[in-house]
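First up is the structure itself, then whatever we jot down about it.
The structure displayed is predicted, hence computed values, not measured ones. Atoms considered below: every heavy atom in the structure, side chains included; atoms not considered: hydrogens, waters and symmetry mates.
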Amino acid sequence: MAEDAQPDPLLRELATREIYIERQFRGPYAQVRAIDALTGLEVAVTTPASAAQFDQHRLALRKLGQCLVAQGHLVIKVDEQKQSNHSEKSADVAQSTSAILPKGGIYT
């Protein structure tokens, strides 16, 4: 694995959870839903039907992960080395971004 190709910490944390994924095709589009079994949180994304299944699932999983983090159900563990490399500005941006997401309900 290349040095700069680090595994996504969000997807690594989601790998420990039970998540259901459903795809429905509607003409030229596919609607992908990801549901967290523990919290019941459901998200949906719409993608081109011709997109790779891996990319469709990854997009839905990342959206689910962001919603779980925003609601406080999931905590991302950051390596100490990575944490020391980030500037204070990037930490401020991350905090302000998570505050923008709405709380509760279904994210679509």
Side-chain angles (χ1 to χ4, degrees):
M1 183 181 282
E3 260 185 59
D4 54 349
Q6 298 293 327
D8 188 354
L10 181 62
L11 294 179
R12 190 178 335 123
E13 289 294 324
L14 287 175
T16 62
R17 300 177 76 96
E18 185 177 358
I19 297 172
Y20 300 103
I21 297 179
E22 172 187 285
R23 286 191 320 159
Q24 292 180 342
F25 293 97
R26 297 184 174 148
Y29 301 103
Q31 187 173 40
V32 184
R33 295 182 181 277
I35 305 166
D36 180 52
L38 184 61
T39 62
L41 185 67
E42 178 179 350
V43 297
V45 294
T46 303
T47 65
S50 60
Q53 181 178 353
F54 173 80
D55 292 331
Q56 292 173 342
H57 288 188
R58 185 178 58 177
L59 180 63
L61 286 173
R62 286 195 50 77
K63 186 172 182 180
L64 178 65
Q66 290 174 351
C67 293
L68 287 169
V69 168
Q71 290 190 354
H73 297 296
L74 184 65
V75 177
I76 304 295
K77 298 175 187 170
V78 179
D79 296 339
E80 291 179 16
Q81 180 182 10
K82 285 184 183 179
Q83 192 173 12
S84 64
N85 291 340
H86 289 291
S87 66
E88 292 178 8
K89 183 178 179 181
S90 65
D92 292 339
V93 170
Q95 289 176 353
S96 65
T97 305
S98 64
I100 295 171
L101 295 174
K103 305 290 184 199
I106 297 174
Y107 296 84
T108 56

Practice task
With rounding to the nearest 0.5 Å, note down the distance linking CD in Glu13 to CG in Leu11.
Solution key: 10.5 Å
Exercise for the section: State, with a plain yes or no, whether a side-chain heavy atom of Thr39 is found less than 4.5 Å away from one of Leu68. Expected result: yes
Problem - Interatomic spacing from CD1 in Ile19 to CG in Leu61 - rounded to 0.5 Å - result: 5.5 Å
Fill in the blank from the handout: Test side chain to side chain contact (heavy atoms under 4.5 Å, CB included), reference Val69, set Leu64, Val75, Leu74, output is Leu74
Practice task
Working to the nearest 0.5 Å, report the span between CD of Gln66 and CG of Leu14.
Solution key: 10.0 Å
Which atom pairs, one a donor and one an acceptor, fall under 3.5 Å between side chains of residues 43-52 and the rest of the protein, sequence neighbours left out?
from: Thr47; atom 1: OG1; to: Gln56; atom 2: NE2; distance (Å): 3.0

Practice task
Begin from the C-alpha positions of Arg62 and Asp8 and carry the test salt bridge (charged side-chain N to carboxylate O under 4.0 Å, His left out) through to its verdict.
Solution key: CA-CA 10 Å; Arg62 286 195 50 77; Asp8 188 354; 2.2 Å; yes
Handout entry: Spacing of CD1 belonging to Ile21 relative to NE2 belonging to His57, to within rounding of 0.5 Å
Key = 5.0 Å
Completion exercise
Output for pair (Leu38 CG, Arg17 CZ), nearest 0.5 Å, gives 5.0 Å
Problem - Atom OH of Tyr20 with >12 non-hydrogen neighbours under 6.0 angstrom - result: no
Handout entry: Closest contact, heavy atoms only, Leu41 versus Cys67
Key = CD2-CB, 3.6 Å
